[in-house]
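Side-chain atoms are counted along with the backbone in the values below, which use heavy atoms only and exclude waters and symmetry mates. Positions are given from 1 along the sequence.
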Amino acid sequence: MIVSRTERKWEHIRYALETGQKSSSAFDDIKFIHQSLPDISVLDVRLNHSIGGLSLSSPIFINAMTGGGGEKTYQINQQLAMAAKETGLAMAVGSQTAALKDQTQRYTYEVIRKENPSGIIIANLGSEATVDDAKAAAAMIEADALQIHLNVIQELTMPEGDRDFSGALKRIEMIVKGLDIPVIVKEVGFGMSLETVRALISAGVTMADVGGFGGTNFAEIENKRRKKILPFFIDWGIPAPVSIIEASSVSSQMTIIGSGGFNSGLDIVKGLALGADAIGVAGYFLKILVKEGIDRLREEIDSLHHEMVLIMTALGAKTISDLKKTPLLITGETYHWLNQRGIDTKGYSQRSIQSKRG
Ligand SMILES: Cc1cc2nc3c(=O)[nH]c(=O)nc-3n(C[C@H](O)[C@H](O)[C@H](O)COP(=O)(O)O)c2cc1C
């Protein structure tokens, strides 16, 4: 049975809520080194940070989820935008292809800009998009940046999904050249390898959201929509912490965004310390909003910020940049993975905030 794009959007939300996010065990492989003399106060800690010329008041942002599925997706986007505005988070919209194909769906995305006129809002399209599509999607919500998502495993598992992925890098290159806002290339939960990041750099991309494995699992979601499942894609992917390290190892010119399974202040701080400049959260926020309401979502975002301040104080890190100098150990399977991939882990375990402060 062929379902419409609008119906599919709703099925994704339903199955994402049902399958849930299983925070990747790879986060447990990352251990901070306790410091007994951090020499700072909680009042010194600042969560604001800049990425690609965008000034963020928090490194957490609401990652791309929805729009294009009629009234229910309008309501979700409206509430996510309200929560984003009140807590100072940037927010990405779900793929806008639905509204480019059917103008009657535009309102489900435009509501985000209406609710949050001066917030940082990120447009979203797939890698099949043309430069004109990208300009139209950005204009629709007066976007500050545009995400292009890469979702090969999702498409292959999706019964009605794409089967031809040729030419994506070339189209991305054209979009980067043709747009006057930052372009972020993102995965949707299968992670980005260092080879992918190298290829993106060659196409002029300067911001990559690694969208690592371990959170929302689109192979599991699409398998729910299939008669005969493809079990081999369910465990397919690069865990978020591993992917952040792989991506960071390529070039300091690339701004790395971490996402995929982030649902605690500790994991967010770990992601930033490993090299990410911002952390996207999708499924975890959606679940809280839909099951417990907008007040609980606001509370949870405040609580994540509070946890981050406490952890950064313990580490003696006043800023997100300081976190990138805090020593940490990479253990277990993550250590072996990186070793096999020729990525040095000593750089993380032997660095120091103190020495950089002089
Ligand atoms: C219901 C739902 C819909 C999504 N739709 C999109 C989308 O349209 N475009 C996109 O780039 N990513 C989409 N994503 C992927 C998220 O942006 C994110 O990359 C992924 O869910 C991993 O993050 P998480 O573990 O925090 O959910 C969607 C995620 C969810 C849960």
Side-chain angles (χ1 to χ4, degrees), residues 27 30 45-65 80-81 83-85 87-93 112 116 119-124 143-150 181-189 191-192 197 200 205-212 214-216 240-248 250-285 300-302 304-305 307-309 311-312 317-326:
F27 285 109
I30 312 299
V45 176
R46 297 280 173 268
L47 295 181
N48 61 313
H49 196 56
S50 277
I51 56 161
L54 303 172
S55 285
L56 306 178
S57 56
S58 162
I60 307 175
F61 70 99
I62 301 176
N63 219 344
M65 279 183 282
L80 288 174
K85 182 182 176 189
T87 53
L89 264 52
M91 170 178 174
V93 300
I112 292 167
N116 194 2
I120 292 182
I121 293 176
I122 306 168
N124 185 290
D144 301 282
L146 168 85
Q147 291 178 328
I148 297 288
H149 64 256
L150 306 177
I181 53 173
V183 174
I184 302 164
V185 179
K186 79 181 280 277
E187 249 292 349
V188 301
M192 265 185 207
V197 173
L200 291 175
V205 176
T206 55
M207 294 170 90
D209 175 344
V210 300
T216 302
V242 178
S243 193
I244 293 171
I245 301 170
E246 286 224 1
S248 305
V250 177
S251 161
S252 57
Q253 301 307 311
M254 183 67 113
T255 297
I256 306 299
I257 297 172
S259 70
F262 285 87
N263 60 16
S264 74
L266 179 61
D267 289 352
I268 290 169
V269 174
K270 283 181 178 177
L272 295 166
L274 290 174
D277 281 302
I279 300 291
V281 181
Y284 181 61
F285 285 163
E300 179 58 19
I301 295 169
D302 288 344
L304 290 175
H305 284 153
E307 286 173 17
M308 288 177 70
V309 169
I311 296 163
M312 287 170 69
K318 292 182 182 172
T319 63
I320 304 302
S321 302
D322 275 355
L323 271 181
K324 297 181 194 327
K325 300 169 212 149
T326 199

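Panel note: side chain Lys270, backbone Ile30; a donor-acceptor pair is recorded below 3.5 Å. Put simply, the side chain of Ser243 gets close to the backbone of Met192: a donor and an acceptor are under 3.5 Å apart. Between the Lys324 side chain and the Leu272 main chain, a donor and an acceptor come within less than 3.5 Å of each other.
The two residues Val93 and Gln147 have their closest heavy-atom pair at O-OE1, 4.5 Å. The minimum heavy-atom distance between Ile320 and Asn48, with the atom names listed, is CG1-O, 4.1 Å. The two residues His305 and Ser58 make their nearest non-hydrogen contact at NE2-OG, 2.7 Å. Closest heavy-atom contact between Leu80 and Ile62: O-CD1, 3.7 Å. Of all heavy-atom pairs between Arg46 and Met312, the closest is O-CE, 4.1 Å. In this structure, Asn116 and Ile121 approach most closely via the heavy-atom pair O-CD1, 3.9 Å.
No side-chain donor from either of Asp277 and Thr255 sits under 3.5 Å from a side-chain acceptor of the other.
For the pair Val205 and Val183, the minimum side-chain heavy-atom distance is 4.5 Å or more. Side-chain contact between Ser57 and Leu47 is absent, with no heavy atoms from C-beta onward closer than 4.5 Å. Between Val269 and Thr326 the shortest side-chain heavy-atom distance does not fall below 4.5 Å. For the pair Phe262 and Asn63, the minimum side-chain heavy-atom distance is 4.5 Å or more. Residues His49 and Ile51 meet the side-chain proximity criterion, which asks for heavy atoms closer than 4.5 Å. Taking 4.5 Å as the limit, some side-chain heavy atom of Phe61 sits within range of a side-chain heavy atom of Ile257.
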Inset, instruction - Tell me, with the steps shown, if Phe27 and Leu266 meet side-chain contact (heavy atoms from CB on, under 4.5 Å). - result: CA-CA 9 Å; Phe27 285 109; Leu266 179 61; over 6 Å; no

Inset, instruction - Carefully, step by step, assess Asn124 and His149 under the rule side-chain contact (heavy atoms from CB on, under 4.5 Å). - result: CA-CA 7 Å; Asn124 185 290; His149 64 256; 2.9 Å; yes

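Put simply, NZ on Lys186 and CG on Leu150 are 9.0 Å apart, with the number rounded to the nearest 0.5 Å. For the atom pair Leu200 CG and Ile148 CD1, the distance stands at 11.0 Å (nearest 0.5 Å). Here the CD1 atom belonging to Ile256 is positioned 11.5 Å from the CD1 atom belonging to Ile184, to the nearest 0.5 angstrom. One finds the CG atom of Leu146 at 11.5 Å from the CE atom of Met207 (value rounded to the nearest 0.5 Å). One distance of note links CZ of Phe285 with CG of Leu89; it measures 6.0 Å at 0.5 Å rounding. Within the model, atoms CD1 of Ile120 and CG of Leu56 stand 5.0 Å from one another, a figure rounded to the nearest 0.5 Å.
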